[in-house]
Amino acid sequence: MKLARRAAGISPSPTLAIDAQAKAMKAKGIQVINFSAGEPDFDTPEHIKQAAIDALKAGYTRYTPVAGIPELRQAVCDSLKGRGLSYEPADIVVSCGAKHSLYNAMQVLLNDGDEVIIIAPYWVSYYEQIKLAGGVPVVVNTDAATDFKLTPEALKAALTPRTKLLILNSPCNPTGVVYSRNELEALAEVILAHGLMVISDEIYAALLYDGLTHTSIAALGSEIKERTILIDGVSKTYAMTGWRIGYAAAPRSIATAMTDLQSHSTSNPTSIAQKAAVAALTGSQEPVEAMRREFEKRRNRILAGLRELPGVECNQPGGAFYVFPYIGKLFGRRFRGQVLANSTDVATVLLNEYQVAVVPGIAFGADPYLRLSYATSMAQIEAGLERFKAFVGELQ
């Protein structure tokens, strides 16, 4: 059977593929250090799990409104007030994870041929979701020299009459960079001057280090807010990746369109998970702060360890739970006779020969880099750094 063009053109998620390979190796008894997974290694806080148990016992197992239960949409609104944002429940669409929210937004915003600016290094699913919606990804490359940030000048240079949308991600996956308020204001001037829409992916907003604070581009004024679809969820902040609850906060007409689309695909997110998400947003935030503090310690350790390796350089990420080291100086060197030509070669050797799972930078549109997640224990980080050091030491 011949597949539809949209299906034939989809590339699988490389991060999920590598994570699956690492887990398969672990299942065979191989001691893999897994730096590939983009999920906290902490358990979901007890009060959140208890809310789900209570909902289950109460028989809360039926359909809910497509866009989410009213109390959850209100909890999202209340949470966003902390970012200086005022939304009403009708502006909120709760979906089956932030990835689902992003997909819905692309589907209702893009027509065939519309251009979408994404900033490399970019999260892997942006590119594929744009294509699935008929859009054209326009990649603006950045590098460590500019801290991987989009400048107003680079944004202007990428614009064409077909440009419709910009995707911002702060804190960023895979680089961990955080945009300051001044940097966002400069980008907002260009966005407004050219009538663009913005998807602001803020899924890592609670995971900031070095005293940094989060600024949403939607909080810069009413004009830019009306052009912004804010995406967030409970997965990263509350260690709830498997619960699959994300949300969009958007101008009313866009929120309505996303709800209508969702009504014909998944309908509502899981009822029990929605009750858990209410408890997450309205309950104690101390578990979040405890997790954030631990992530900062881990970031400091893995960053220091990577910087000690000859030929490896690494910027200091301000948020999320990833480091994105530059490994271009390792290209052209030999490992047991094999020339390492790219990040895929390096990642393959690390996994097969040293049982260290990392994601090659090419998956994020930036080949001379690797992404390592430090959402794992300090013991695993120490062991992984030792294996990485052994790998570099064997290169010729």
Side-chain angles (χ1 to χ4, degrees), residues 13 15-16 19 23 37-80 82 87-105 107 123 125 129 173 201-207 229-250 255 258-288 290-292 321 375:
S13 168
T15 53
L16 294 181
D19 183 50
K23 288 175 178 175
E39 64 176 346
D41 58 315
F42 299 94
D43 194 11
T44 304
E46 286 299 322
H47 71 281
I48 298 173
K49 292 192 289 185
Q50 188 60 51
I53 293 168
D54 292 345
L56 185 62
K57 288 182 176 178
Y60 201 77
T61 57
R62 301 187 181 278
Y63 292 132
T64 77
V66 169
I69 57 178
E71 62 185 301
L72 178 52
R73 284 184 284 165
Q74 184 61 58
V76 169
C77 293
D78 294 341
S79 176
L80 291 176
Y87 287 100
E88 297 179 7
D91 305 321
I92 308 300
V93 184
V94 182
S95 302
C96 306
K99 184 181 287 189
H100 186 203
S101 299
L102 285 161
Y103 179 86
N104 286 345
Q107 289 292 320
W123 181 55
S125 291
Q129 289 189 357
N173 173 8
D201 183 350
E202 303 180 19
I203 192 69
Y204 297 97
L207 300 177
I229 300 90
L230 186 156
I231 305 293
D232 202 344
V234 298
S235 293
K236 316 296 184 179
T237 304
Y238 301 98
M240 294 177 67
T241 51
W243 297 78
R244 308 314 302 138
I245 295 291
Y247 62 79
M258 291 174 69
T259 301
D260 291 344
L261 173 67
Q262 188 163 295
S263 73
H264 294 292
S265 56
T266 61
S267 297
N268 61 273
T270 303
S271 57
I272 300 161
Q274 289 188 68
K275 285 289 190 178
V278 172
L281 292 170
T282 62
S284 171
Q285 302 301 298
E286 177 50 36
V288 178
M291 185 168 64
R292 189 205 65 78
F321 39 65

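Because only heavy atoms are used, hydrogens play no part in the values below, and waters and symmetry mates are left out as well, while side chains stay in.
Contact annotation: the side chain of Val278 approaches that of Ile69 to within less than 4.5 Å [non-hydrogen atoms, C-beta and beyond]. At a threshold of 4.5 Å between non-hydrogen side-chain atoms, the residues Ile272 and Thr61 count as touching. Between Tyr103 and Lys99, every side-chain heavy-atom pair lies at or beyond the 4.5 Å cut-off.
Under the side chain to side chain donor-acceptor pair (under 3.5 Å) criterion, Gln262 pairs with Ser95, Asn104, sequence neighbours left out. Residues satisfying the side chain to side chain donor-acceptor pair (under 3.5 Å) criterion with Asp19, sequence neighbours excluded, are Lys23, Asn34. The side chain to side chain donor-acceptor pair (under 3.5 Å) check on Ser79 picks up nothing, with sequence neighbours excluded. Applying the ring pair (Phe, Tyr, Trp, His ring centres under 6.0 Å) test to Phe42 and every residue at least two apart in sequence or in another chain returns Phe295. The side chain to side chain contact (heavy atoms under 4.5 Å, CB included) search around Ser267 returns none, not counting sequence neighbours. For Tyr238, there are no ring pair (Phe, Tyr, Trp, His ring centres under 6.0 Å) partners, not counting sequence neighbours. Among residues two or more places apart in sequence or in another chain, the side chain to side chain donor-acceptor pair (under 3.5 Å) test is passed with Asp260 by none. Residues passing the side chain to side chain contact (heavy atoms under 4.5 Å, CB included) test with Gln74, sequence neighbours excluded: Cys77, Asp78, Pro89. Residues passing the ring pair (Phe, Tyr, Trp, His ring centres under 6.0 Å) test with Trp243: none are found, sequence neighbours excluded.
Panel note: side chain Gln50, backbone Ala276; no donor-acceptor pair is recorded below 3.5 Å. Under the 3.5 Å distance criterion, the side-chain polar atoms of Thr241 are left unmatched by any main-chain donor or acceptor of Ser235.
Minimum interatomic distance between Thr237 and Met291 (heavy atoms only, all atoms of both residues): O-CE, 2.9 Å. In plain terms, the two heavy atoms of Ala375 and Glu39 that are nearest each other are CB-O, 3.2 Å. Across Ala248 and Ser101, no two heavy atoms sit closer than the pair N-OG, 4.0 Å. Of all the heavy atoms in Arg73 and Ala67, the pair that sits closest is CD-O, 3.5 Å. Taking all atoms of both residues into account, the shortest heavy-atom contact from Met258 to Ala105 is CE-N, 3.7 Å. Heavy-atom minimum distance, Leu80 versus Ala249: CD1-CB, 3.8 Å.
Listed by first and then second residue, the salt bridge (charged side-chain N to carboxylate O under 4.0 Å, His left out) pairs that reach into residues 42-53 are Asp43-Lys49, Glu46-Lys49, sequence neighbours excluded. For residues 50-71, every residue pair satisfying the salt bridge (charged side-chain N to carboxylate O under 4.0 Å, His left out) rule, not counting sequence neighbours, is listed here: Glu71-Lys275. Residue pairs that meet the salt bridge (charged side-chain N to carboxylate O under 4.0 Å, His left out) test with at least one member in residues 231-246, sequence neighbours left out, are Arg83-Asp232.
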